[in-house]
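The structure under discussion appears below in the form of structure tokens.
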Amino acid sequence: MEAESEPYVRLAALRQLHQAVADLNTARSLADTLQTVADGIVFGLGYGLGCVNMVRQDGDLVVAAFAGNSAAEALITGRVGSRSSWERRLSMGEEWGELRFIPHTDGWVLLGDDVPQWHTDGPEPRFEDEWHPEDRLYAPMYAPGGGRDLLGVISVDRPRNGRRPGAWGREALQMYASQAAIAISNARLRANMQRALVRLEREQQALRASEESFRQAFEYAPSGMAIAEMGGDQHGRLLRTNDALCRLLGRPASVLRRYSFADLVHPEDIGTLLRTSAEGGRAELRLGRRDGSYLWVSLRNSVVADTRDGPRFLLTHVEDIEERKRHELNLAHRASHDALTGLPNSAELRSRLSARLCERPHAVAATAVETLDAAYAETDDPDSRAHGYEVDPAVGGPYDHHVHAVAPDTEQDDGAKGLAVLFCDLDGFKSINDRFGHHTGDAVLIEVARRLSTCVRDGDTVARLGGDEFVVLADGLGAADAADLAVRLRNAIIPPIRVDGRAVRVGASFGIGWASCGMTVEEVLASADQRMYVEKRSRAKVPRRAG
């Protein structure tokens, strides 16, 4: 299980990071957004302290939000550090991408500047990458748009694991700072637009001035904006779009006015769009571009109401999140796939297998159905079965929306199909590692993974369990089909593999197990593993022919 800990930890960290980023978009005001940013550092990224320093109009930075220590929060919230002191800090230390790390050995030169700071007490580090109480790590936030306009700086302290963040942790903090900058900019934009709308409702005499203010905020917003009709035959039709949205979708405003968002959204996301636009709200979905491609966006709707006639139109804010989605998918793939072969790893294999199994045997559901049939047979209504029935999901039944996995009878091939689990262990792989080194061994594993993947159907799973062990999940096979598949896979592995000009060979032993409801994932894998060792021992007893 040791090999599984890192993927599980990364998946858990990814979920926490995803939730922290999602929380940024639920804050109701700029102050809430800033505090949410600070809270996300502690609860999402795993640091003991998080501080958000925002650039004021005069250029200096003020501590706008703090999380992790109430005493420190009361002491430094609202204090100001000069811009020159901050620029000095951001120009020294070690560059970790966009991040800036100043080790405690260099921090003594900063003791005299006016930047508000708080350091926790703690022992001296015992090893090289252990976090020192006076280490400093900063994540600058830049305004959206690709420029270098400093919006603020996130400072963190006291990682929970006690170590300086590695490459994965640095990437997560840098991505979080980028999303925080977008959320803060959007919060400011929403505040400005809401103030404009309030002025429209309260002061009829200031209608023209307020409309111009709204127009400028709308037209020159750094992200996409649209106004759509609400209600009537033209519900959802785009009435007005800004330049940012036109550039984002690659379509001129005159063309966009022919569409509604329902015409542009990816078919799989139409339900999400309808749920969002009904009452206003936020969703992440894909919109179609002129070239036929789809772009991930964050779409936020606000219902703009007329005081006399009720809801009139939707004000929609569209933010490009393609890069964040790509990062999330990459991180998820790295956490669920083997780094060497690219196959699903042990954690992902267990997840896919677990999704096919339920804890109760199919016989329990069958018993429930038979009991109901008997009860209906005793009624006066002979057509009661045709009326349909619903078995409690806690018991299981014909309509519990689960196709029960049942192992076919391997003794008597009656044509039944099941979920075959083929456990593969390479023969002679250790001698290749010992003789030619791990570089050659890695090349062999990569080629074996490729050969296995080309011999299975779309929808089957080939996973690397660890070391030289692989597992194949193939659904809808009978006993003979599974045996034939094992032969094909073994024959695909046997041909020589060329590495650095030399040809090496490995064999393979396969054990065929069957997944059925009522078994645990570990029981299924152990069954296939045991059958593999039976085959390996039987093959070892067969005398080799003289060459």
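- For the atom pair R251 CZ and L256 CG, the distance stands at 7.0 Å (nearest 0.5 Å).
- Residue L49 comes nearest to R158 through the heavy atom pair CD2-NH2, 4.4 Å, listed as atom of the first residue, atom of the second, then distance.
- The closest donor-acceptor contact from the side chain of D263 to the backbone of S260 lies under 3.5 Å.
- Remark: the T36 side chain and the T33 side chain contain no N/O donor-acceptor pair separated by less than 3.5 Å.
- Distance alone, capped at 3.5 Å, places no donor-acceptor pair between the N53 side chain and the V62 backbone.
- A donor-acceptor distance shorter than 3.5 angstrom exists from the side chain of E322 to the backbone of W296, with no hydrogens or angles considered.
- Taken to the nearest 0.5 Å, the CG atom of D243 stands 13.0 Å off from the CE atom of M225.
- A donor atom on one side chain and an acceptor atom on the other are not found under 3.5 Å apart for N161 and W131.
- At least one donor-acceptor pair closer than 3.5 Å links the side chain of S336 to the backbone N or O of A332.
- For the residue pair D60 / S82, no side-chain donor-acceptor distance below 3.5 Å is found, with atom types taken as modelled.
- L299 CG to L287 CG: the interatomic distance, rounded to the nearest 0.5 Å, is 6.5 Å.
- A distance-only check finds a donor-acceptor pair linking the side chain of N345 to the backbone of A335 [under 3.5 Å].
- For CD of E94, the number of neighbouring non-hydrogen atoms (other residues, nucleotides, ligands) closer than 6.0 Å is greater than 12.
- When only modelled atom types and interatomic distance are considered, T461 and R352 share a side-chain donor-acceptor pair under 3.5 Å.
- Formation of a donor-acceptor pair under 3.5 Å by the Y176 side chain with backbone atoms of V37 is found in this model.
- Here the CD atom belonging to Q179 is positioned 8.0 Å from the CD atom belonging to E323, to the nearest 0.5 angstrom.
- Using a 4.5 Å heavy-atom cutoff, the side chains of L349 and L525 are in contact.
- In this structure, CG on L465 lies 10.5 Å from CG on D338, to the nearest 0.5 angstrom.
- For the pair R164 and E128, the salt-bridge criterion is not met [side-chain N within less than 4.0 Å of a carboxylate O].
- Salt bridge annotation for R89-D113: present, with a cationic side-chain nitrogen under 4.0 angstrom from a carboxylate oxygen.
- Looking only at atom types and distance, the side chain of N69 has no donor-acceptor partner in the side chain of E73 under 3.5 Å away.
- The pair R163-E130 fails the salt-bridge criterion, with no side-chain N (NZ, NE, NH1 or NH2) lying under 4.0 Å from an Asp/Glu carboxylate O.
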Run L331 and L329 through side chain to side chain contact (heavy atoms under 4.5 Å, CB included) and show every step you take. CA-CA 5 Å; L331 289 172; L329 293 174; over 6 Å; no
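- Nearest heavy-atom pair, I76 versus P116, reported as atom, atom and distance to 0.1 Å: CB-CB, 4.3 Å.
- Side-chain atoms of D269 never come within 3.5 Å of backbone atoms of L285 as a donor-acceptor pair (strictly under, hydrogens ignored).
- A cation-pi arrangement is present between R148 and Y142, with the terminal nitrogen or guanidinium carbon under 6.0 Å from the aromatic centre and inside a 45° cone about the axis.
- The residues R100 and E98 are annotated as not salt-bridged, no charged nitrogen and carboxylate oxygen being separated by less than 4.0 angstrom.
- Judged by distance alone, with hydrogens and angles left aside, the side-chain atoms of R464 form a donor-acceptor pair with the main-chain N or O of G467 at under 3.5 Å.
- Distance alone, capped at 3.5 Å, places no donor-acceptor pair between the T77 side chain and the A74 backbone.
- Looking at E229, its side chain never comes within 3.5 Å of a backbone N or O of L239 through a donor-acceptor pair.
- Counted by atom type alone, E319 and S223 present one or more donor-acceptor pairs between their side chains at under 3.5 Å.
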